[in-house]
Protein chains: 2
Amino acid sequence: MDDAQHQYVDKVATFFTLFGSARAWAEILGWLMICEPAERTQAEIAEDLGLSAGTVSTQLRAHVQLGMVEQVRVRGDRTQRYRLRPGAWYAVMASELERIRALGDLARAGDGVLPRDRPERVTELGDLADFFAREWPPLMERMTAELEKGSA
Amino acid sequence: MDDAQHQYVDKVATFFTLFGSARAWAEILGWLMICEPAERTQAEIAEDLGLSAGTVSTQLRAHVQLGMVEQVRVRGDRTQRYRLRPGAWYAVMASELERIRALGDLARAGDGVLPRDRPERVTELGDLADFFAREWPPLMERMTAELEKGSA
DNA sequence: GCACGTTTTCAGTATTGCCTGAAGTCAATG
DNA sequence: CATTGACTTCAGGCAATACTGAAAACGTGC
């Protein structure tokens, strides 16, 4: 890992740390975006970034569960390899629909305590969630179309 | 604050805490959604939620800076009052455009270290940000139209 | 089924960031 | 100009979380 690479990993790490991510999680993400080859073992990542094996194991699993990273098996090699999943960023955006729905549920859970004074404080959130729940699927379709075009 | 209200505040707090918000920040938000009257002083909020004056001051300021909460001056009363801003949720969504742009910048900052192996690991993020930067404004317009309709 | 490297787990440690309480600042009022 | 109350700031305590290191578990290839 040269200086420029190190700097970029740091930039990515700083960015996501601002939104509450763990430093190691973000560093792994940044590194998997630019490392060569794209496929790497846990031991390599630990060595490259100066992290312990335990940390890499834990944070890598988090990435896999989020759908950002996937495992690659190489025949004849017992070592697992990991790489940034193609379309990883798109997948994250697509999964946003679940969070939108959760927000809507949160608003509806407020029905029992709707304030007489300016009840729209609660209903507004529900309306917003409904709006996005409606708009998101077609938006994701346009996004996918864009993706196809770019990779074609 | 009755039991049902307390329960709702807790639900809101739990939700946002999952995404890394400070507990006090989230409790204040939940309470400002349902309290009556909608306008409240710092001292009242502290009393209602069992928080210290310092915490309320700090977290309330965070809400104001994010545009979720606004201050209301009452003539002849030296005490400042705070309330959830009408259209607060919409404003937050509208400001999302800035974060989209920041993501795009992060991707473009990777140009200097573009991997020869699967460079789309970096460019994909940039394309995604560009897509959303394009789609967001018209989406926000549709959202605003919806808002007018609902409040009319 | 054995042996070996890989991966996971977990107890302990370090670090981070929240919250409190008290002291300080400011503004309005008489 | 002094007094009063509201608000802010900040050092310190504390709780939550991330990270490490080592040991246990796993699973692959022989």
Side-chain angles (χ1 to χ4, degrees), chain A residues 6 9-10 12-32 35 37 39-66 68-83, chain B residues 6 9-10 12-32 35 37 39-66 68-83:
Chain A
H6 192 282
V9 168
D10 192 58
V12 172
T14 301
F15 182 87
F16 285 98
T17 298
L18 280 179
F19 296 114
S21 303
R23 176 105 199 154
W25 182 93
E27 283 187 5
I28 292 172
L29 174 59
W31 183 226
L32 285 181
C35 64
E39 291 78 19
R40 286 194 107 66
T41 68
Q42 289 199 10
E44 284 168 352
I45 295 172
E47 166 68 20
D48 296 338
L49 297 173
L51 296 169
S52 74
T55 299
V56 172
S57 172
T58 303
Q59 301 299 343
L60 213 38
R61 160 185 300 216
H63 279 300
V64 170
Q65 283 181 342
L66 277 171
M68 291 288 298
V69 169
E70 66 187 357
Q71 307 177 357
V72 197
R73 297 197 155 281
V74 179
R75 267 187 72 84
D77 186 356
R78 95 177 43 164
T79 320
Q80 187 69 258
R81 295 186 167 272
Y82 298 82
R83 70 170 177 210
Chain B
H6 192 281
V9 168
D10 192 58
V12 173
T14 301
F15 182 88
F16 286 99
T17 298
L18 280 179
F19 296 114
S21 302
R23 175 104 199 155
W25 182 93
E27 282 188 6
I28 291 172
L29 174 59
W31 183 226
L32 285 181
C35 64
E39 292 78 19
R40 286 194 106 65
T41 67
Q42 288 199 7
E44 283 167 353
I45 295 172
E47 165 68 21
D48 296 338
L49 297 173
L51 296 169
S52 74
T55 299
V56 172
S57 172
T58 303
Q59 300 301 341
L60 213 39
R61 159 185 302 217
H63 279 300
V64 170
Q65 282 181 343
L66 277 170
M68 291 288 298
V69 168
E70 66 186 357
Q71 307 177 358
V72 197
R73 296 202 154 278
V74 179
R75 266 187 72 84
D77 187 356
R78 94 174 47 166
T79 321
Q80 185 71 258
R81 296 188 166 270
Y82 297 84
R83 69 170 178 210

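First the proteins, then the strands, lettered A, B, ... as listed; each starts at 1. Just so you know, these numbers use all the heavy atoms, side chains as well, and skip hydrogens, waters and symmetry mates.
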Visitor: Quick one, B/V69 and B/I28 - any side-chain contact, counting heavy atoms below 4.5 Å?
Guide: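 B/V69 vs B/I28: side chains apart.
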Visitor: When the distance from CD1 of B/I45 to C1' of C/dT20 is rounded to whole Å, what number comes out?
Guide: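 Those two atoms, CD1 and C1', are 17 Å apart.
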Visitor: Check nucleotides 11-14 of chain D against the protein and report each pair of N or O atoms closer than 3.5 Å, with its distance, or say if there are none.
Guide:
none

Visitor: When rounded to the nearest 0.5 angstrom, what distance separates CG in A/L29 from CG in A/L60?
Guide: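 Separation between the atoms: 11.0 Å.
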Visitor: With heavy-atom distances below 4.5 Å as the criterion, would you say the side chains of A/E39 and A/V74 are in contact?
Guide: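 Contact flag for A/E39/A/V74 side chains = no.
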Visitor: What's the separation between atom CZ in B/R73 and atom CD in B/Q80, rounded to the nearest 0.5 Å?
Guide: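 The distance works out to 4.5 Å.
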Visitor: Grab the CZ-C1' distance between B/R81 and D/dC7 for me, whole Å please.
Guide: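 That distance rounds to 15 Å.
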Visitor: Walk me through whether B/L32 and B/M68 qualify under side-chain contact (heavy atoms from CB on, under 4.5 Å).
Guide: CA-CA 10 Å; B/L32 285 181; B/M68 291 288 298; over 6 Å; no
Visitor: Can you tell me if A/Q80 touches the phosphate of C/dG5, counting only side-chain N or O atoms and a distance under 4.0 Å to OP1 or OP2?
Guide: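 So the side-chain polar atoms of A/Q80 never come under 4.0 Å of the phosphate oxygens OP1 or OP2 of C/dG5.
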Visitor: Taking only residues two or more places apart in sequence, or in another chain, which ones meet B/E47 in a salt bridge (charged side-chain N to carboxylate O under 4.0 Å, His left out)?
Guide: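 By the salt bridge (charged side-chain N to carboxylate O under 4.0 Å, His left out) rule, B/E47 matches no residue at all.
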Visitor: If you apply the rule side-chain contact (heavy atoms from CB on, under 4.5 Å), what do you find for B/V9 with B/D48, and how did you get there?
Guide: CA-CA 11 Å; B/V9 168; B/D48 296 338; over 6 Å; no
Visitor: So, taking the atom named CZ in B/R40 and the one named OG1 in B/T79, what distance separates them when rounded to the nearest 0.5 Å?
Guide: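 It comes to 13.0 Å.
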Visitor: Do any N or O atoms of the protein come closer than 3.5 Å to N or O atoms of nucleotides 13-19 of chain C, and which pairs are they?
Guide:
residue	atom	partner	partner atom	Å
C/dC19	OP1	B/A24	N	2.9
C/dC19	OP2	B/Q59	NE2	3.4

Visitor: Between P on C/dT7 and CD on A/E44, what's the gap in Å once rounded to a whole number?
Guide: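 These atoms are roughly 10 Å apart.
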Visitor: State, to 0.1 Å, how close A/T55 and A/A24 come at their nearest heavy-atom pair, and which atoms those are.
Guide: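 Distance-wise, the nearest heavy atoms are CG2-CB, 3.5 Å.
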Visitor: N/O contacts under 3.5 Å, protein versus nucleotides 27-30 of chain D?
Guide:
residue	atom	partner	partner atom	Å
D/dG27	N2	A/R78	NH1	3.4
D/dT28	OP1	A/R73	NH2	3.4
D/dG29	OP1	A/G76	N	3.3

Visitor: For the pair made of CG in A/L60 and C1' in D/dC19, what is the distance, rounded to whole Å?
Guide: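 Going from CG in A/L60 over to C1' in D/dC19 covers 15 Å.
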Visitor: With distance as the sole test, does B/S21 use its side chain to make a donor-acceptor pair with the main-chain N or O of B/A26 at under 3.5 Å?
Guide: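 No; judged by distance alone, with no hydrogens or angles, the pair does not exist.
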Visitor: Do the rings of B/W25 and B/H63 sit parallel, tilted or perpendicular, given the 30° and 60° boundaries?
Guide: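 Rings of B/W25 and B/H63: parallel, as their planes differ by under 30°.
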Visitor: Tell me the interatomic distance from B/Q65, atom CD, to D/dT8, atom C1', rounded to whole angstroms.
Guide: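 Spelled out: CD on B/Q65 to C1' on D/dT8 is 13 Å.
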Visitor: Kindly write out the residues that satisfy side-chain contact (heavy atoms from CB on, under 4.5 Å) with B/R23, not counting sequence neighbours, or none if the list is empty.
Guide: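 B/R23: side-chain contact (heavy atoms from CB on, under 4.5 Å) contacts with B/D10, B/A13, B/T14, B/T17, B/E27.
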Visitor: B/Q42 has an atom CD; how far is it from atom P of C/dT25, in whole Å?
Guide: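 Taking atom P of C/dT25 as the reference, CD of B/Q42 is at 19 Å.
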Visitor: Rounded to the nearest 0.5 Å, what separates atom CD in B/Q59 from atom CD in B/Q42?
Guide: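 Interatomic distance, B/Q59 CD to B/Q42 CD, rounded to 0.5 Å: 11.5 Å.
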Visitor: For the helix from C/dG1-D/dC30 to C/dG30-D/dC1, how many degrees between its two end axes (five pairs per end), to the nearest 10°?
Guide: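 Inter-axis angle at the ends, rounded: 30°.
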